[in-house]
Amino acid sequence: MKLIFMGTPDLAAACLSGLLDGGYTVTAAVTQADRPRGRGYALTPPPVKELAMARGIPVWQPTDLRAPEFLAQIREAAPDAIVVVAYGRILPPALLDCPRLGCINLHASLLPRYRGAAPIQRAIMNGETETGLTTMHMAEGLDTGDMILSERLAIRPEDNFGTLHDRMAVCGGPLLCRTLAMLATGTAPRLVQDEAKASYAAKIRKEDCALDFRRSASELDCHIRGLSPAPLAFCHRPDGRMLKILRAEPTEGSGKPGEVLALSDRREGSITVACGTGALRIREVVPEGKGRMRAADYVRGRQIREKEVLY
RNA sequence: CGCGGGGUAGAGCAGUCCGGUUAGCUCGUCGGGCUCAUAACCCGGAGGUCGUGAGGUUCAAAUCCCACCCCCGCAA
């Protein structure tokens, strides 16, 4: 079975790797253009490109998926199917119609819930205890295609975006391989999504990362875990400097929302902050201009005092 | 040349602007004490080429000047 793979970030790269390990032939990897990233705006290739190049797979980075030249290139390659994982752009109908067996997509949620850009983060942020992966026959809408297979994954209390993402990365490849096997034999089901149960996981914007201490400690805990280790939830010190929170846990306590109730610089030290309900025991932070450090170390530097109010 | 912060003991920091006796603090660590016990408390100790430069200025440089290396945050 001849495939073309389309994807961009780490999760996509892990899936591509899984397909190759599963014995599938990938004719080309289509991914987004290199973007200026990091300090000094260094042009950085997306994860899928790096992996593809390392595995000797041709990399295509079209700027326009509707461009006749690109479509011609796809037709010439004549893939049996196109596998898409977090490519980052809507595929035009002309492209969806190219492959003999169609385009299949792997999405990081149990559809029809959490369609869209940030399913993993949003599920955790909303306090879900379960999510998963779903493969589907791609349709024109955003993650609306008929479903083929899915795999459930528990969201554990200690999970954050990073740990859940990594677990999904491990499951993605095998799930795609099973899906393709069914597609090849014409036994892939077409489970229509229940539109009434659909929900969307919007892209994470900067504002979405701000912590609102008026919310409950458990909600804030979920919020923090869904955004860790990147892009990270943040709040501000009284002087206006940003303080990102990498890890925290709900605990007892009450006070004005945002008020620092207690500080500890011993061993598993922490910064206890009052929330709307309960309090949050902050364990690990990233101060503005600094790298990540344990809360105990932050406290030791005498950078924070009890009674001050974070916002 | 996108913006900015920083490199001082194992960790997090102060000291640098206004150069000057033994480079300081919190924690850790080692030893001892107290205690039924302890991550608590008390006493004592070890541990630092102050990023690099047989560089510059100076009577004197962690502190001023120059060059270089490295780390990090933002933004994208």
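For clarity, every value in this text was computed on a predicted model and none was experimentally measured. Chain identifiers are assigned alphabetically (A, B, ...) following the order of the sequence lines, protein sequences preceding nucleic acid strands; residue numbering begins at 1 within each chain.
Comparing the P positions of B:rA14 and B:rU26 gives an interatomic distance of 15 Å, to the nearest angstrom. When the P atom is used for both B:rG32 and B:rU16, the distance is 40 Å, rounded to whole Å. Here the separation of B:rG47 from B:rA54, taken at their P atoms, is 27 Å to the nearest Å. Separating the C1' atom of B:rC66 from that of B:rG56 is a span of 7 Å, rounded to the nearest Å. Taking atom C1' on both nucleotides, B:rC27 is separated from B:rC68 by 34 Å, rounded to a whole Å. Rounded to the nearest Å, the gap between the P atom of B:rA39 and that of B:rG15 is 33 Å. For the P atoms, the distance linking B:rC25 with B:rA67 amounts to 36 Å, nearest Å. For B:rA23 and B:rA9, the C1' atoms lie 11 Å apart once the distance is rounded to whole Å.
Of the N and O atoms on the side chains of A:Arg122 and A:Tyr114, not one donor lies less than 3.5 Å from an acceptor on the other residue.
Shown here, B:rU22 forms no base pair; nothing in the strands shown gives a Watson-Crick or G-U wobble contact with both key distances under 3.5 Å. With a 3.5 Å ceiling on both atom-pair distances, the Watson-Crick or G-U wobble partner of B:rG4 is B:rC72. For B:rC50, there is no paired base (Watson-Crick or G-U wobble, both distances below 3.5 Å). The nucleotide B:rG44 finds its pairing partner in B:rC30, both defining distances of the Watson-Crick or G-U wobble pair being shorter than 3.5 Å. The partner of B:rC64, taking Watson-Crick or G-U wobble pairs whose two distances both stay under 3.5 Å, is B:rG56.
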Show me the donor-acceptor pairs, under 3.5 Å and distance only, between side chains in residues 144-151 of chain A and residues at least two apart or in other chains.
residue	atom	partner	partner atom	Å
A:Thr144	OG1	A:Gly141	N	3.4
A:Asp146	OD2	A:Arg190	NH1	3.2
A:Glu151	OE1	A:Arg178	NH2	3.3

N/O donor to acceptor pairs below 3.5 angstrom from side-chain atoms of residues 38-45 of chain A, sequence neighbours left out:
residue	atom	partner	partner atom	Å
A:Thr44	OG1	A:Ala42	O	3.0

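Residues meeting the ring pair (Phe, Tyr, Trp, His ring centres under 6.0 Å) test with A:Tyr311, sequence neighbours left out: A:His236. By the ring pair (Phe, Tyr, Trp, His ring centres under 6.0 Å) test, A:Phe161 pairs with A:His165, sequence neighbours left out. Here A:Arg152 pairs with A:Glu130 under the salt bridge (Lys or Arg N to Asp or Glu O under 4.0 Å) rule; sequence neighbours left out.
Look at CZ on A:Arg283: it is 22 Å from P on B:rA11, rounded to the nearest Å. A:Tyr41 places its OH atom 8 Å from the P atom of B:rG2, with the value rounded to the nearest Å. Rounded to whole Å, atom C1' of B:rC1 lies 16 Å from atom CG of A:Leu43. Nucleotide B:rA75 holds its P atom 11 Å from the CD atom of A:Glu207, rounded to whole Å. Spacing between atom CZ of A:Phe234 and atom C1' of B:rA75 amounts to 13 Å, rounded to whole angstrom units. Look at CZ on A:Arg294: it is 10 Å from C1' on B:rG10, rounded to the nearest Å. Put simply, CD on A:Glu284 is 16 Å from P on B:rA11, counting in whole angstrom units. Straight-line distance from the CE atom of A:Met293 to the P atom of B:rG73: 11 Å, rounded to whole Å.
Cation-pi geometry between A:Lys2 and A:Tyr24 is not met: the NZ or CZ atom fails to fall both under 6.0 Å from the ring centre and inside 45° of the normal.
At distances below 3.5 Å, not a single donor-acceptor pair connects side-chain atoms of A:Arg281 with backbone N or O atoms of A:Ser270.
Closest-nucleotide positions on RNA chain B for A:Gly40 and A:Ala296 were compared, and the one nearer the 5' end corresponds to A:Gly40.
By the 4.5 Å side-chain criterion applied to Ile, Leu, Val, Met, Phe, Trp and Tyr, A:Tyr87 is assigned to a cluster that also includes A:Ile4, A:Met6, A:Val30, A:Trp60, A:Leu65, A:Phe70, A:Leu71, A:Ile74, A:Ile82, A:Val84, A:Leu91, A:Leu95, A:Leu96, A:Met138.
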Quick test: give all pairs of protein nitrogen or oxygen and nucleotides 23-27 of chain B nitrogen or oxygen below 3.5 Å, distance rounded to 0.1 Å.
residue	atom	partner	partner atom	Å
B:rC25	O2'	A:Arg302	NE	3.4
B:rC25	O2'	A:Arg302	NH2	3.0
B:rU26	O2'	A:Asp265	OD2	2.7
B:rC27	OP1	A:Arg266	NH2	3.1
B:rC27	O4'	A:Arg300	NE	3.2
B:rC27	O2'	A:Arg300	NE	3.2
B:rC27	O2'	A:Arg300	NH2	2.9

Show each protein N/O and nucleotides 68-72 of chain B N/O combination with a separation under 3.5 Å, one pair to a line.
residue	atom	partner	partner atom	Å
B:rC72	O2'	A:Lys290	O	2.9
B:rC72	O2'	A:Gly291	N	3.1
B:rC72	N4	A:Arg39	NE	3.4

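Across all strands, A:Gly269 comes closer than 4.0 Å to no nucleic acid atom at all (heavy-atom distances).
Side chains of A:Leu133 and A:Cys171 form a contact here, defined as non-hydrogen atoms less than 4.5 Å apart.
Distance from the side chain of A:Lys206 is smallest for B:rA75 among the nucleotides B:rA75, B:rG12, B:rG73.
Within the structure, salt bridge (Lys or Arg N to Asp or Glu O under 4.0 Å) pairs that include any residue of residues 53-76 of chain A comprise A:Asp21-A:Arg55 (at least two apart or interchain).
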